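These figures come from a predicted structure and were not determined experimentally.
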Amino acid sequence: MSSAESHLSTAGFYGKKNKRKWIGLEKSINSVVKKHQKEKIPKSFPYRILGPTTSWQIFYRQQEAFQYTKSTAKDLHVFAFESESFEGNTGQRLYLSTSYPVFWHYYSQLDEDKRLHYEVIPEGAVCKLYFDLEYDKTVNQDCDGDHMVAIFIQFVCKALMAIFNVSCTRKDVLDLQASTERKFSRHLIFQMKNAAFKDNIHAGSSKINDIKREMPDQVSTPDTPNISTNQGCVKTELPTEIKVETDPVNESVSEEKHRVNTGHLDVNESVSEEKHRVNTGHIDVNESVSEEKNRVHTSHIDEILDSFSIEDLKKLMVNSKNGDVLFCDTGVYTKNRNFRLFLSSKLGKKNTLVVASENEYCRKVDSQRSELENIFYDSLVSNIEYSSRMKILTYDDNISHHVNGLPRRKQDKSSKEAECIDGYSKSPYPEVDEFIQNIITQDSGKGVIRHWTYFHQGELLVYEIAKYRYCHNIGRHHRSNNIMLIVDLHAGVWYQKCHDPDCHTQNYKSPEWPLPKNVLPASYFDDDLDLEMEDDELLNTTAELEKQYMEKQANISGVSELDDDGDDDDLVAAVTLLDNSIQNG
DNA sequence: GGTTACGTATGTTCGGC
DNA sequence: CGAACATACGTA
């Protein structure tokens, strides 16, 4: 700018009349520049082809954030934060979609008082077991919080073992604290290596909580008005049973490795059970024969209770405005729950959530990352690392969970949507669409893609095909049953299955054929790709996804048109958004 | 231009008795 | 008249 000025003065260019105006403008610009120079400018996240998505999108509505997150089909997650500069200091929440590493990159550079962030635990997403333990110190001066936490963890660990056969000790529990003078506050995040809960509703309203609901009954005075509220109300009616969904492939993992072709697609008989359950809208464990062996009756819970002294259990009760309650907050298991992040505080407060001094959890060190970053990843309730032996824990009590009179089925449907996206025209991978389209139009075929479903978790694309029914099982076209083509983006292969009853009963899956490299997204090219899953683990997960797909199908077929209409709108919006983002590069 | 989800309280409809 | 569903509002 100075060199330009030396050639031509501002007055010369604009005329003398405007000189004053120009100088004023220059001054105000300079002051703005100075102001911004004062503020920290964060280092930007280095983009790498194989690295995480660098995308960082802020939304005013949670729904939009999820729409974007799902439609991009990448490693994105939704966070919420309280915006200071919005509508005064009301703590208006905004929603952010980005990947974990990118989030941490910027979040960790923020000043402490700017960290007002929450993890949004997505409805229907597999998650860790987590607890919010809190009480008002001023009315519970006799309580020894640390001791209570110790008892509580012991109790939960015993329950996990008794009910789910999951081994867990205090060393597996990330223990965070945000206590103040007034309030005792802890977050526990269980780092179970081979188990996770189906979703946060199961994690909370179910198992451990039900046991906890038992406790007040036994240890507190008869007048406990607080429990007469929601689903926990019928305390004498214990859940009839608790089930553990063990991955069907699990038991024969070593075998599976050696026969990829057949093993990959196995969908065992429990699928049809599942189907039925979903269709009828009852999550009725009694119908599920295949899980009989996993049944655990409530007598086990009693055993656990018996192994604890009433004295210890009593210590977990605290005074509150609702009377005597357990110091474990049962209100944190709602859908899309915002759960305060590690190192964040609430707007207007200064109690950041940090590792408690009593914490005994210690992750194996990942030297690539800082210690804090490692803790951050572990603290994320929905950050599940899949492993081959992963058990998905579920629990159904016999008390229906209907919200606003919505039927159970509706809830289930939306929870399925959280794990995948689907649509009718273009999938997130147009090149793959085109490839599939070519297959079903070769030899003057007239096939069309009737529908697609994408499973984020396993990078699996399922295409429903119409007007082209060639089945490799029978070596000709089916007369009346349609086929589906499945693309495994992770493995870079495709194969065929179909809806014919015969093929279906034998779980027929065609051989796999490699996808041409040019139809895969760029990030799949490199062999050095940072695989999160070993081959057998992927196998496992893919089978699980196919199972989910069958469930979803069953679900859709049993759902009224009205339900579908509403979802179509969402899908159209999602696809449109996606198309736009593709066009914009 | 802009939150979300849920409990409580209150209002409305409907069917049985 | 009560059960089931609908609407409004306050709270976190």
Side-chain angles (χ1 to χ4, degrees), chain A residues 57-70 77-97 116-125 127 130-136 178 180 182-187 199-206 209 213 224-234 281 320-323 325 327-341 344-351 353 381-382 399-415 417-418 560 562-563 566 570 573 577:
Chain A
Q57 296 276 346
I58 291 173
F59 301 87
Y60 288 96
R61 292 173 194 276
Q62 191 183 70
Q63 196 194 0
E64 291 168 359
F66 273 118
Q67 220 164 56
Y68 174 81
T69 300
K70 289 182 208 169
H77 301 268
V78 177
F79 298 89
F81 63 99
E82 295 168 317
S83 168
E84 291 175 298
S85 57
F86 208 80
E87 301 223 344
N89 275 351
T90 53
Q92 167 84 20
R93 284 189 190 183
L94 299 184
Y95 301 89
L96 164 65
S97 174
L116 307 162
H117 294 63
Y118 298 80
E119 172 185 11
V120 180
I121 302 166
E123 169 185 16
C127 70
Y130 62 101
F131 294 100
D132 180 17
L133 306 177
E134 59 182 20
Y135 62 85
D136 187 338
T180 62
R182 272 189 71 86
K183 193 178 171 188
F184 178 87
S185 172
R186 293 278 266 274
H187 281 189
D199 58 40
N200 74 323
I201 310 292
H202 281 268
S205 82
S206 48
N209 255 340
R213 283 192 206 101
T224 46
N226 54 303
I227 318 165
S228 60
T229 50
N230 49 9
Q231 72 256 29
C233 55
V234 195
S320 80
K321 52 188 171 185
N322 297 323
V325 294
F327 84 135
C328 170
D329 182 0
T330 55
V332 294
Y333 306 107
T334 56
K335 70 172 177 177
N336 298 326
R337 161 63 43 175
N338 289 193
F339 205 51
R340 182 140 62 103
L341 280 180
S344 265
S345 53
K346 285 181 184 168
L347 186 65
K349 306 205 172 161
K350 287 182 180 171
N351 56 330
L353 194 56
V381 171
S382 34
I399 302 154
S400 79
H401 291 228
H402 57 87
V403 179
N404 281 344
L406 289 179
R408 184 88 182 233
R409 172 164 50 75
K410 187 113 184 175
Q411 278 194 307
D412 256 33
K413 187 163 186 284
S414 54
S415 76
E417 279 167 12
S560 75
L562 268 177
D563 284 342
D570 289 346
L577 193 76

Visitor: So if I apply the side-chain contact (heavy atoms from CB on, under 4.5 Å) rule between A:Val120 and each of A:Leu96, A:Val78, A:Thr69, which one comes out positive?
Guide: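 Exactly one option meets the side-chain contact (heavy atoms from CB on, under 4.5 Å) with A:Val120, and it is A:Val78.
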Visitor: Specify the separation, in whole Å, of atom CZ of A:Phe66 and atom P of B:dA5.
Guide: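 The answer, rounded to whole Å, is 9 Å.
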Visitor: Using modelled atom types and a 3.5 Å cut-off, is there a donor and acceptor pairing between side-chain atoms of A:Asn200 and backbone atoms of A:Thr334?
Guide: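 The answer is yes, because a donor-acceptor pair under 3.5 Å joins these two groups.
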Visitor: Would you sort out whether A:Arg93 and A:Asn338 count as a side-chain hydrogen bond (donor to acceptor under 3.5 Å, both in side chains), showing the intermediate values?
Guide: CA-CA 10 Å; A:Arg93 284 189 190 183; A:Asn338 289 193; 2.8 Å; yes
Visitor: For A:Gln92 and B:dT3, is the shortest distance between a side-chain N/O and OP1 or OP2 below 4.0 Å?
Guide: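 Yes, within the criterion.
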Visitor: State which of B:dT4, B:dG2, B:dC6 makes the closest approach to the side chain of A:Tyr60.
Guide: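 From the listed options, B:dG2 comes nearest.
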Visitor: Nearest whole angstrom, please: distance from the C1' of B:dA5 to the CZ of A:Arg61.
Guide: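 Those two atoms, CZ and C1', are 15 Å apart.
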Visitor: Are OP1 or OP2 of B:dT4 and a side-chain N or O of A:Asn336 less than 4.0 angstrom apart?
Guide: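 No, no such contact exists.
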Visitor: Quick check: on DNA chain B, is the nucleotide nearest A:Thr334 upstream (toward 5') of the one nearest A:Asn338, or the reverse? Name the residue that is more 5'.
Guide: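 Looking at the nearest nucleotide for each, A:Asn338 comes out on the 5' side.
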Visitor: Please tell me whether A:Phe184 and A:Tyr135 form a close aromatic pair, meaning their ring centres lie under 6.0 Å apart.
Guide: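 Ring centres of A:Tyr135 and A:Phe184 closer than 6.0 Å.
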Visitor: Sticking with atom C1', work out how far C:dT11 lies from B:dT3, rounded to a whole angstrom.
Guide: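 Here C:dT11 and B:dT3 have their C1' atoms 14 Å from each other.
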Visitor: Considering only side-chain heavy atoms of A:Gln63, which listed nucleotide, B:dT4, B:dC6, B:dT3, is closest?
Guide: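 Of the candidates, B:dT4 comes closest.
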Visitor: At under 4.0 Å between heavy atoms, what does A:Lys321 touch on the DNA or RNA strands: base, sugar-phosphate, or nothing?
Guide: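 Sugar-phosphate, backbone atoms only, no base.
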